[in-house]
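Just so it is clear, the structure is predicted and the values come from calculations on it, not from any experiment.
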Amino acid sequence: MFFHFLLVIIMFTGAFCLFNWLMGYKKGNIIIDLDDRYIQYSEYVTAIQKKLESEGRDVTYLGDRRFSIDGKNYMFIERNVSMGGVPMQRTILKLEK
């Protein structure tokens with residue numbers, strides 16, 4: 001009985017950690033959920049830049065999915081997530097070390 005309880009706790013913790021990792025929840029990352037869905041890569045990059053600039057950040061697109069934001073380099077990752085049955089385009093800007 002205790003073993004089963006322990007196994008369930010370990011599985012729940014593992015699933016929670018995997019979910020957080022996939023969704024980009026990590027210290028230093030920037031997560032953006034834009035209102036519109038972008039198919040064209042150039043339009044998507046422009047929308048990301050405009051969103052960050054509207055937040056008062058200094059943004060430069062470096063090319064090859066990389067941004068310089070407030071003097072730090074970030075890698076751009078796109079995730080498509082189902083929220084209530086509706087697909088949502090999530091932008092994760094991962095801090096490069």
Side-chain angles (χ1 to χ4, degrees):
M1 184 70 168
F2 177 73
F3 176 73
H4 294 290
F5 176 73
L6 185 61
L7 186 61
V8 168
I9 295 296
I10 290 171
M11 289 176 60
F12 178 77
T13 303
F16 181 74
C17 290
L18 178 64
F19 175 79
N20 282 337
W21 178 75
L22 286 173
M23 297 306 291
Y25 297 123
K26 184 178 177 187
K27 186 176 181 180
N29 289 357
I30 300 171
I31 299 171
I32 302 171
D33 294 323
L34 299 169
D35 293 333
D36 295 324
R37 187 163 184 78
Y38 296 92
I39 307 277
Q40 296 294 324
Y41 183 74
S42 59
E43 292 175 2
Y44 194 10
V45 168
T46 302
I48 293 168
Q49 281 182 294
K50 286 182 181 179
K51 173 69 173 170
L52 292 169
E53 287 171 350
S54 74
E55 295 175 358
R57 296 179 182 260
D58 180 34
V59 182
T60 305
Y61 181 63
L62 304 174
D64 196 29
R65 294 188 164 268
R66 290 182 162 53
F67 284 88
S68 175
I69 304 169
D70 296 331
K72 297 178 184 175
N73 290 337
Y74 290 83
M75 184 173 67
F76 158 47
I77 301 168
E78 175 188 357
R79 296 263 193 261
N80 290 300
V81 182
S82 178
M83 297 296 269
V86 178
M88 179 181 70
Q89 193 172 28
R90 170 159 282 183
T91 305
I92 302 167
L93 296 166
K94 182 179 177 184
L95 182 62
E96 293 183 331
K97 296 180 181 180

For the pair Arg66 and Asn73, evaluate side-chain contact (heavy atoms from CB on, under 4.5 Å) and give the outcome as yes or no after the intermediate values.
CA-CA 7 Å; Arg66 290 182 162 53; Asn73 290 337; over 6 Å; no
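- Distance check: Leu34 CG to Lys50 NZ gives 11.5 Å after rounding to the nearest 0.5 Å.
- Residue pairs meeting the ring pair (Phe, Tyr, Trp, His ring centres under 6.0 Å) criterion with at least one member in residues 46-70, sequence neighbours excluded, are Tyr61-Phe67.
- With Ile48 as the partner, the side-chain contact (heavy atoms from CB on, under 4.5 Å) test is satisfied by one option alone out of Ile69, Ile32, Val59: Ile32.
- For the atom pair OH (Tyr74) and CD (Glu96), the distance works out to 10.5 Å, reported to the nearest 0.5 Å.
- Shown here are the side chain to side chain contact (heavy atoms under 4.5 Å, CB included) partners of Arg65, two or more places apart in sequence or in another chain: Tyr41, Phe76.
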Using the rule given for side-chain contact (heavy atoms from CB on, under 4.5 Å), can you reason through Val8 versus His4, listing the C-alpha separation, both sets of side-chain angles and the distance that settles it, and then say yes or no?
CA-CA 6 Å; Val8 168; His4 294 290; 5.5 Å; no
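- Of the N and O atoms on the side chains of Tyr38 and Thr46, not one donor lies less than 3.5 Å from an acceptor on the other residue.
- With rounding to the nearest 0.5 angstrom, the CD1 atom of Ile77 is 4.0 Å from the CE atom of Met75.
- From Leu93, atom CG reaches atom CG of Asn29 across 8.0 Å, with rounding to the nearest 0.5 Å.
- Put simply, the side chain of Asp70 gets close to the backbone of Asp58: a donor and an acceptor are under 3.5 Å apart.
- Heavy atoms only, all atoms of each residue included: Gln89 and Asp36 are closest at OE1-O, 3.9 Å.
- For the atom pair NZ (Lys72) and CD1 (Ile30), the distance works out to 8.5 Å, reported to the nearest 0.5 Å.
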